[in-house]
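Working notes, beginning with the structure itself.
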Amino acid sequence: MNETSLVVKVGIADLKVIIAPDLIRTSGLGSCVGVIVYDPSKKIAGLSHVLLPDSALAKQSKLNVYKYADTAIPYLINLLLEKGARKYALKAKIAGGAQMFQMNSGSDIMRIGPRNVEAVEKQLAEFRIPVIASDVGGNAGRTIEFDPETGQLKIRKVNKEEFYI
């Protein structure tokens, strides 16, 4: 890590954009999905910690656009473009979407992790942003950290070694 870099932390249902040499990190990805969208040449990246797939599920009168895949990803892309990223150069990496609890009901509502992954992939496809690497599913929580200088996403799963995608 460069001595002058900062690690910008992204909370749950939060979103931030950084430029190298800074790093960006989020913790506590269970059924949530961490979505990194970045421009490799400009070394600018954004991270969204998506909590739920669809804002139609919102019951609050004041919507947190960072919380849902269908609102957070368009917001993230616009923010990246405002900061100088080029739309045609954008790429994505995603991690998370675990099924944290075993459910015997077979209810689609309880498949939050897989539904989050599907919603994120659908949004990225609509913007024609390729997902070049992913680590999704399973039943372990994750912490992820992205370095826009190298384009590497470091993933640490509970009780497992770190690896990069």
Side-chain angles (χ1 to χ4, degrees), residues 1-2 5-53 65-100 112-158 160-165:
M1 181 166 56
N2 187 327
S5 67
L6 296 173
V7 178
V8 175
K9 294 181 181 172
V10 176
I12 296 171
D14 192 9
L15 176 157
K16 293 199 172 102
V17 169
I18 61 161
I19 298 173
D22 292 346
L23 307 174
I24 194 163
R25 176 189 306 153
T26 194
S27 303
L29 288 172
S31 60
C32 300
V33 176
V35 184
I36 306 285
V37 179
Y38 66 105
D39 180 333
S41 298
K42 297 278 188 176
K43 302 188 185 304
I44 180 169
L47 170 60
S48 174
H49 186 130
V50 171
L51 186 66
L52 292 169
V65 297
Y66 301 164
K67 189 172 182 179
Y68 304 94
D70 67 323
T71 53
I73 291 173
Y75 190 90
L76 176 62
I77 292 166
N78 282 336
L79 196 56
L80 284 163
L81 297 176
E82 285 175 17
K83 300 279 185 182
R86 299 153 308 157
K87 188 165 192 256
Y88 69 88
L90 293 176
K91 299 181 183 322
K93 293 186 176 186
I94 63 175
Q99 183 69 38
M100 298 302 289
I112 296 171
R115 288 177 43 232
N116 279 339
V117 171
E118 292 161 11
V120 163
E121 289 173 341
K122 179 181 173 208
Q123 283 294 313
L124 292 169
E126 286 180 10
F127 285 95
R128 299 178 190 271
I129 296 173
V131 177
I132 60 168
S134 67
D135 180 60
V136 297
N139 58 8
R142 295 169 172 89
T143 294
I144 62 173
E145 184 175 286
F146 186 76
D147 181 351
E149 186 72 42
T150 63
Q152 293 288 300
L153 180 63
K154 180 168 70 178
I155 300 174
R156 191 179 70 232
K157 290 183 182 177
V158 176
K160 303 216 173 168
E161 290 190 24
E162 294 177 348
F163 61 99
Y164 292 85
I165 61 172

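Within 6.0 Å of NZ in Lys43 there are more than 12 heavy atoms belonging to other residues, nucleotides or ligands. In this structure, Glu161 places its CD atom where only 12 or fewer heavy-atom neighbours from other residues, nucleotides or ligands lie under 6.0 Å away.
Partners of Lys157 under the salt bridge (Lys or Arg N to Asp or Glu O under 4.0 Å) rule, at least two apart in sequence or in another chain, are Asp135.
In this structure, Tyr164 and Asp147 have side chains that are not in contact, with every pair of non-hydrogen atoms separated by 4.5 Å or more. The closest side-chain heavy-atom distance from Ser41 to Arg86 is below 4.5 Å. Counting heavy atoms from C-beta on, the side chains of Glu118 and Pro53 never come closer than 4.5 Å. The shortest distance between side-chain heavy atoms of Leu124 and Val37 falls below 4.5 Å.
Within the 3.5 Å criterion, the main-chain N or O of Val35 finds no donor-acceptor partner in the side chain of Ser48. Under a 3.5 Å cut-off, the side chain of Thr143 and the backbone N or O of Ser27 do not form any donor-acceptor pair. Although no hydrogens or angles enter the test, the distance criterion places no donor-acceptor pair under 3.5 Å between the side chain of Ser134 and the main chain of Val136. Under the 3.5 Å distance criterion, the side-chain polar atoms of Lys93 are matched with a main-chain donor or acceptor of Ile165.
Ile155 CD1 to Lys160 NZ: the interatomic distance, rounded to the nearest 0.5 Å, is 12.0 Å. If you take NZ on Lys83 and CD1 on Ile18, they are separated by 11.5 Å, rounding to the nearest 0.5 Å. A distance of 6.0 Å separates CG in Leu52 from CG in Asn116, rounded to the nearest 0.5 Å. With rounding to the nearest 0.5 angstrom, the CG atom of Leu15 is 7.5 Å from the CG atom of Leu47. Between the CG atom of Asp22 and the NZ atom of Lys16 there is a distance of 12.0 Å, given to the nearest 0.5 Å. The line from CG of Leu6 to CZ of Arg25 is 11.5 Å long, rounded to the nearest 0.5 Å.
The minimum heavy-atom distance linking Leu51 with Cys32 is given by the pair CD1-SG, 3.3 Å. Across all their heavy atoms, Gly96 and Val117 have their closest contact at O-CG2, 4.4 Å. Of all heavy-atom pairs between Ala95 and Ile144, the closest is CB-CG2, 3.8 Å. Scanning both residues, Asn139 and Gln99, for their nearest heavy atoms gives CB-O, 3.4 Å. In terms of heavy atoms, Leu76 sits closest to Gly46 at CD1-CA, 3.6 Å. Here the closest heavy-atom approach between residue Pro74 and residue Ala69 is recorded as CD-O, 4.0 Å.
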